[in-house]
Asker: 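Starting off with a structure, shown below.
Read the numbers this way: they start at 1 and go in the same order the structure lists the ligands and their atoms. Only heavy atoms go into these numbers, but all of them, side chains included; no hydrogens, no water, no symmetry mates.
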Amino acid sequence: MTTRDDTPLWLFADQLGPAVYGGEHSHREILLVEATSALRRRPYHRQKLHLVLSALRHAERDLGDRATLLKADSYTDALQRYGRPVLVHEPTSFAAEKFVHRLQEEKLVADVLPTPTFALPRSEFAEWAGARTRFRMEDFYRDQRRRFDVLMDGPDPIGRRWNFDEENREPPPKKQDTLGAPKPYQPREDDIDEQVRFDLDRMNLNTVGVDGPRLFAVTPAEAKRALTRFIDYRLPTFGRYEDAIMGHDWAMSHSLLSVPLNLGVLHPLDAVYAAEDAYRDNKAPLAAVEGFIRQILGWREYMWHLYWRFGPTYTHNNELSAHSPLPDWWTTLDADHITAECLRQALGGVRDRGWTHHIQRLMVLGNHALQRGYSPSQLTEWFATAYVDGFRWVMPTNVIGMSQHADGGKLATKPYASGGAYINKMSDHCGDCAYDPKKRLGDDACPFTAGYWAFVNRNQDLLARNNRTRRSVSSMERLKDLDAVLEQETTRTHF
Ligand code: FAD
Ligand code: SF4
């Protein structure tokens with residue numbers, strides 16, 4: 001009879017690191033599954049499928065004799081074929097959680113263990129959240145810093161400040177095409193990647209985006225190298241230009257660690273402590289280090305826990321009654337169809353790499369979708385499939401909450417809508433654009449500037465009730481050409 005101690009461990013494709021299969025589980029056999037039905041279910045970015053298959057197959061190679069990788073139509077088929085009940089860690093979405101419990105009832109899964117790929121356990125977040133209905137990231141983040149003793153000087157934050165956001169909002173440097181930061185780590189592709197590429201070509205899947213060299217780490221060893229390169233060379237400039245966009249610098253000083261973090265091959269605390277060490281060793285300034293730690297120990301953990309807290313129906317929220325379907329040029333990533341330089345570059349980044357940095361997601365793509373009233377649930381689905389780091393848990397709070405304000409302000413205090421002036425300040429795009437960020441009317445009217453007023457007009461009741469947005473409604477009321485702008489935007493089909 002199989003004793004519990006010898007029960008093999010089944011790893012989902014986002015549980016591929018030593019935090020999941022090492023430590024007390026080091027002796028267990030490992031089951032990995034490549035389920036073709038999951039690959040076919042949605043139109044994923046081609047490079048995302050590559051990353052996931054490459055990660056699974058590299059895990060099989062790295063784990064050697066411990067691992068069995070089964071290729072099957074579905075997970076259930078694979079588990080039945082495997083023939084032994086398995087342990088599994090809590091998966092990272094509601095749908096997968098339900099599925100795993102069904103497998104437990106069918107005795108294919110012996111037990112479900114807590115997920116070890118985040119810093120704060122779910123049970124401890126539940127305690128922290130208590131009966132709160134409104135959440136503030138800043139409160140959560142400070143408690144995370146205290147709990148994990150990160151950048152602390154006894155009970156106080158190092159530098160006597162919790163937050164260096166003010167220093168971390170600089171526009172891009174002038175007279176430079178790129179930030180000039182050393183290049184990010186890029187993995188060297190190997191025979192596994194070659195085979196993955198060959199298999200994906202043969203599978204004839206319905207994918208989006210173009211194929212390209214693998215840009216992101218998929219193994220624990222690669223993740224370590226990517227982290228080290230970021231910390232040693234790129235972290236010092238991370239903070240200052242965190243919110244800036246440059247047309248000729250797709251990665252800026254971002255870490256490109258979301259893929260290895262979301263695949264589970266890099267543990268968030270390893271990234272956090274490495275950044276803290278860089279500060280303590282005088283290798284990076286406090287503002288940059290705090291900015292980076294805030295992203296991982298703060299935002300990432302916060303989004304993860306709120307995903308569970310807000311529940312499976314959160315994606316149905318549509319407070320701003322936005323019902324427009326995503327246009328075809330958007331879903332097919334047809335960036336060449338677009339005139340607006342900022343939008344063209346952002347959508348082109350998704351097409352070419354399945355990745356853009358945060359500000360392009362929030363202030364270009366998300367902002368455009370918000371202004372045009374695209375359906376938040378369709379947009380959530382799009383981000384989850386078109387982005388290489390788009391996993392189920394990370395989408396709803398980022399898209400429904402932060403980007404589209406579809407939850408009516410549960411997560412963010414105001415909608416992230418802005419006109420061309422913001423993009424002009426924070427990017428170098430407008431100089432190369434056929435539109436003029438200052439114009440709201442006419443052939444060269446910036447779609448973001450005009451779209452902003454159309455957005456304010458459409459949602460004026462809600463914006464007028466919010467202290468942080470009330471002024472935008474009074475500014476709109478003073479526009480003499482508002483009717484003409486609204487008319488122009490209702491008929492605009494090209495951006
Ligand atoms: P950096 O800029 O170097 O930041 C470091 C790390 O912080 C990231 O790797 C990420 O793990 C974490 N992080 C920072 N902000 C967030 C956040 N809001 N939510 C979760 N993690 C965060 N992140 C994803 O991992 N997957 C997604 O599919 C995703 N979709 C997004 C969609 C929208 C509309 C928005 C506004 C944000 C989204 N994010 C997503 C968050 C963030 O944009 C990406 O994590 C980040 O751009 C990834 O690049 P990076 O690793 O270079 O990040
Ligand atoms: Fe974008 Fe408007 Fe600037 Fe063009 S002018 S790049 S559309 S903000």
Side-chain angles (χ1 to χ4, degrees), residues 48 137 184 216-217 226-227 230 234-235 238-239 241-243 245 247 250-263 266 268 271-272 275 291-304 306-307 338-346 354-370 376 379-380 382-404 411-412 416 418-440 444-452 495:
K48 180 186 194 139
M137 194 320 258
F216 301 94
L227 175 65
F230 170 71
R234 297 163 54 78
L235 175 61
F238 173 82
Y241 301 111
E242 210 181 323
D243 283 2
I245 309 176
W250 67 273
M252 307 279 295
S253 261
H254 293 277
S255 68
L256 310 192
L257 291 173
S258 54
V259 170
L261 282 164
N262 294 353
L263 287 171
L266 174 65
V272 165
F292 178 68
I293 288 176
R294 166 181 295 272
Q295 303 310 310
I296 297 197
L297 201 58
W299 280 112
R300 185 171 188 271
E301 294 271 317
Y302 189 58
M303 294 312 212
W304 158 252
L306 288 184
Y307 169 76
I338 298 166
T339 304
E341 186 62 13
C342 54
L343 196 54
R344 194 178 69 76
Q345 293 266 359
W355 185 96
T356 60
H357 60 71
H358 185 69
I359 295 302
Q360 289 175 299
R361 299 182 202 210
L362 187 64
M363 299 314 294
V364 179
L365 294 167
N367 189 13
H368 172 83
L370 184 63
L379 192 69
T380 306
W382 178 79
F383 268 106
T385 48
Y387 271 77
V388 291
D389 56 11
F391 287 75
R392 291 281 139 192
W393 65 268
V394 74
M395 301 324 316
T397 44
N398 271 305
V399 181
I400 299 287
M402 187 187 280
S403 165
Q404 300 301 295
L411 189 117
Y416 280 95
S418 80
Y422 175 86
I423 297 174
N424 192 24
K425 179 176 164 218
M426 295 308 293
S427 82
D428 58 6
H429 285 321
C430 298
D432 297 329
C433 185
Y435 298 120
D436 181 341
K438 292 194 205 66
K439 293 212 177 146
R440 57 179 173 265
D444 58 350
C446 165
F448 281 89
T449 302
Y452 174 75
F495 297 96

Asker: Distance under 4.0 Å to a non-hydrogen atom of G420: what atoms of ligand 2 satisfy this?
Answerer: 8 (S)
Asker: Tell me which one of S253, S255, S258 gets a heavy atom nearest to atom 48 (C) of ligand 1.
Answerer: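 Residue with the shortest heavy-atom distance to the ligand atom: S258.
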Asker: Between V364 and I359, is there a side-chain heavy-atom distance shorter than 4.5 Å?
Answerer: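 Result no, sub-4.5 Å side-chain heavy-atom pair not found.
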Asker: Considering heavy atoms of the protein only, find what lies nearest to atom 28 (O) of ligand 1 and give residue, atom and distance to 0.1 Å.
Answerer: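 Heavy-atom neighbour on the protein nearest atom 28 (O) of ligand 1: G390 CA, 3.0 Å.
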Asker: Within a distance under 4.0 Å of any heavy atom of C433, pick out the atoms of ligand 2 and give their elements.
Answerer: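 With C433 as reference, the close atoms of ligand 2 come out as 4 (Fe), 5 (S), 6 (S), 7 (S).
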Asker: Give me the nearest non-hydrogen protein atom to atom 40 (C) of ligand 1 as residue plus atom name, then the distance to 0.1 Å.
Answerer: R361 NH1, 3.3 Å
Asker: To the nearest 0.5 Å, what is the distance between CD on E341 and CD1 on I245?
Answerer: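 One finds 11.5 Å between CD of E341 and CD1 of I245.
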Asker: With a 4.5 Å limit on heavy-atom distance, are the side chains of S418 and N367 in contact?
Answerer: yes
Asker: Do the non-hydrogen side-chain atoms of L261 and P268 ever get within less than 4.5 Å of each other?
Answerer: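 Answer yes - side chains close enough.
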Asker: How far is atom 50 (P) of ligand 1 from the closest protein heavy atom, and which atom is that?
Answerer: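 Nearest neighbour among protein heavy atoms for atom 50 (P) of ligand 1, to 0.1 Å: L256 N, 3.6 Å.
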Asker: Hey, is A434 touching ligand 2 through its side chain, its backbone, both or neither, going by heavy atoms under 4.0 Å?
Answerer: neither
Asker: Identify the protein heavy atom lying closest to atom 18 (N) of ligand 1, giving its residue, its atom name and the separation to 0.1 Å.
Answerer: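 Residue, atom and distance for the closest contact: N398 OD1, 2.9 Å.
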Asker: Where is the nearest protein heavy atom to atom 2 (Fe) of ligand 2: which residue, which atom, and how far?
Answerer: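 Here the nearest protein heavy atom works out to C446 SG, 2.4 Å.
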Asker: Considering distance alone, does some N or O of S403 sit under 3.5 Å from an N or O of ligand 1?
Answerer: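 There is no such contact.
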Asker: If you have a sec, work out which protein heavy atom is nearest atom 34 (C) of ligand 1 and how many Å separate them, to one decimal?
Answerer: F383 CZ, 3.7 Å
Asker: Please name the pair of heavy atoms, one in W355 and one in S258, separated by the smallest distance, quoted to 0.1 Å.
Answerer: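 Scanning both residues completely, I find the closest heavy atoms to be NE1-OG, 4.0 Å.
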Asker: Would you check if H358 and W299 make a side-chain contact, meaning some heavy-atom pair closer than 4.5 Å?
Answerer: no
Asker: Does the shortest distance from atom 4 (Fe) of ligand 2 to an N/O/S atom of C430 fall below 2.8 Å?
Answerer: no
Asker: Starting from atom 7 (S) of ligand 2, locate the nearest protein heavy atom and write down its residue, its atom name and how far away it is, to 0.1 Å.
Answerer: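 Checked against all protein heavy atoms, atom 7 (S) of ligand 2 sits closest to A340 CB, 3.5 Å.
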Asker: Should you measure from each heavy atom of L261, which atoms of ligand 1 turn up under 4.0 Å away?
Answerer: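 By the 4.0 Å cutoff, the relevant atoms are 9 (O), 11 (O).
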Asker: Just how far is it from atom OG1 of T380 to atom CD1 of I400, taken to the nearest 0.5 Å?
Answerer: 3.5 Å
Asker: Any atoms of ligand 1 less than 4.0 Å from a non-hydrogen atom of M395? List them with their elements.
Answerer: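 This gives 28 (O), 30 (N) as the contact atoms.
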Asker: Can an N or O of Y387 be found at a distance shorter than 3.5 Å from an N or O of ligand 1?
Answerer: no
Asker: Hey, what do you get for CG (L379) to CG (N398), rounding to the nearest 0.5 Å?
Answerer: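 So the gap between those two atoms works out to 11.0 Å.
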Asker: Please classify the M303 to ligand 1 contact at 4.0 Å (heavy-atom distances, strictly less than): side chain, backbone, both or neither.
Answerer: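 Near ligand 1, M303 shows its side chain, while the N, CA, C and O stay back.
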Asker: With a 4.5 Å heavy-atom cut-off, do V394 and R300 have their side chains touching?
Answerer: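 With C-beta onward as the side chain, the pair stays apart.
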Asker: With a 4.5 Å heavy-atom cut-off, do L343 and L365 have their side chains touching?
Answerer: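 SC-SC contact between L343 and L365 confirmed.
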Asker: Which residue holds the protein heavy atom closest to atom 12 (C) of ligand 1, what is that atom called, and what is the gap in Å?
Answerer: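 The answer is Q295 O, 3.6 Å.
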Asker: Starting at CG of N424, measure out to SG of C430 and round the result to the nearest 0.5 Å.
Answerer: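 Atom-to-atom, N424:CG and C430:SG are 4.0 Å apart.
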Asker: Which of the numbered atoms in ligand 2 are under 4.0 angstrom from any heavy atom belonging to P447?
Answerer: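 Those qualifying, in numeric order: 7 (S).
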Asker: Considering only heavy atoms of F238, which atoms of ligand 1 have at least one such atom less than 4.0 Å away?
Answerer: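 Result: 1 (P), 2 (O), 3 (O).
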Asker: Taking only heavy atoms of L362 into account, list the atoms of ligand 1 that are under 4.0 Å away from them.
Answerer: 36 (C)
Asker: Can you list the atoms of ligand 1 that are under 4.0 Å from a heavy atom of L257?
Answerer: 9 (O), 51 (O)
Asker: Under a 3.5 Å distance rule, please check whether D428 uses its side chain to pair with a backbone N or O of G247 as donor and acceptor.
Answerer: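 Indeed, once roles are kept as given, a pair shorter than 3.5 Å links the two residues.
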Asker: Heavy atoms, side chains only, cut-off 4.5 Å: are M363 and M426 in contact?
Answerer: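 When only atoms from C-beta onward are counted, M426 and M363 do not touch, as no gap falls below 4.5 Å.
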Asker: Does ligand 1 have any atom sitting under 4.0 Å from a heavy atom of F230?
Answerer: no
Asker: Got E242 and Q295 here, is their nearest side-chain heavy-atom distance under 4.5 Å?
Answerer: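 Side-chain contact under 4.5 Å: yes.
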Asker: Using a 4.0 Å heavy-atom threshold (strictly under), name the region of T397 that reaches ligand 1: side chain, backbone, both or neither.
Answerer: neither
Asker: Report the part of V394 in contact with ligand 1, treating N, CA, C, O as backbone and CB onward as side chain, heavy atoms under 4.0 Å; options are side chain, backbone, both, neither.
Answerer: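 Under 4.0 Å from ligand 1, V394 contributes side-chain atoms alone.
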Asker: Give me the residue, atom name and distance of the protein heavy atom closest to atom 11 (O) of ligand 1.
Answerer: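 Here the closest protein heavy atom is R300 CD, 3.2 Å.
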Asker: Starting from atom 6 (C) of ligand 1, locate the nearest protein heavy atom and write down its residue, its atom name and how far away it is, to 0.1 Å.
Answerer: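 Looking only at protein heavy atoms, the one closest to atom 6 (C) of ligand 1 is I296 CG1, 3.7 Å.
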Asker: In Å and rounded to the nearest 0.5 Å, what is the OG1 to OH distance from T339 to Y435?
Answerer: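 If I round to the nearest 0.5 Å, the distance is 4.5 Å.
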Asker: For W299, counting its heavy atoms only, list the atoms of ligand 1 lying under 4.0 Å from any of them.
Answerer: 15 (N), 16 (C)
Asker: Hey, which atoms in ligand 1 end up nearer than 4.0 Å to a heavy atom of H358?
Answerer: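 Every atom of ligand 1 under 4.0 Å from some heavy atom of H358: 36 (C), 37 (C), 41 (C), 42 (C), 43 (O), 47 (O).
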Asker: With a distance cut-off below 6.0 Å to the six-membered ring centre and an angular limit of 45° from the axis, does K48 pair with F391 as a cation-pi contact?
Answerer: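 That pair qualifies as a cation-pi contact.
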Asker: Strictly under 2.8 Å, is any N, O or S atom of C342 next to atom 1 (Fe) of ligand 2?
Answerer: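 Checking C342: at least one N, O or S atom is under 2.8 Å.
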Asker: Would you check whether N262 has a nitrogen or oxygen atom less than 3.5 angstrom from a nitrogen or oxygen atom of ligand 1?
Answerer: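 N/O-N/O distance below 3.5 Å exists for this pair.
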Asker: If you measure from each heavy atom of W355 to ligand 1, is any distance below 4.0 Å?
Answerer: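 For ligand 1, residue contact (heavy atoms, under 4.0 Å) with W355 is present.
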Asker: Could you tell me how the ring of F230 sits relative to the ring of F292: parallel (under 30°), tilted (30 to 60°) or perpendicular (over 60°)?
Answerer: tilted
Asker: Test salt bridge (charged side-chain N to carboxylate O under 4.0 Å, His left out) on D389 and R361 and set out the steps.
Answerer: CA-CA 12 Å; D389 56 11; R361 299 182 202 210; 2.9 Å; yes
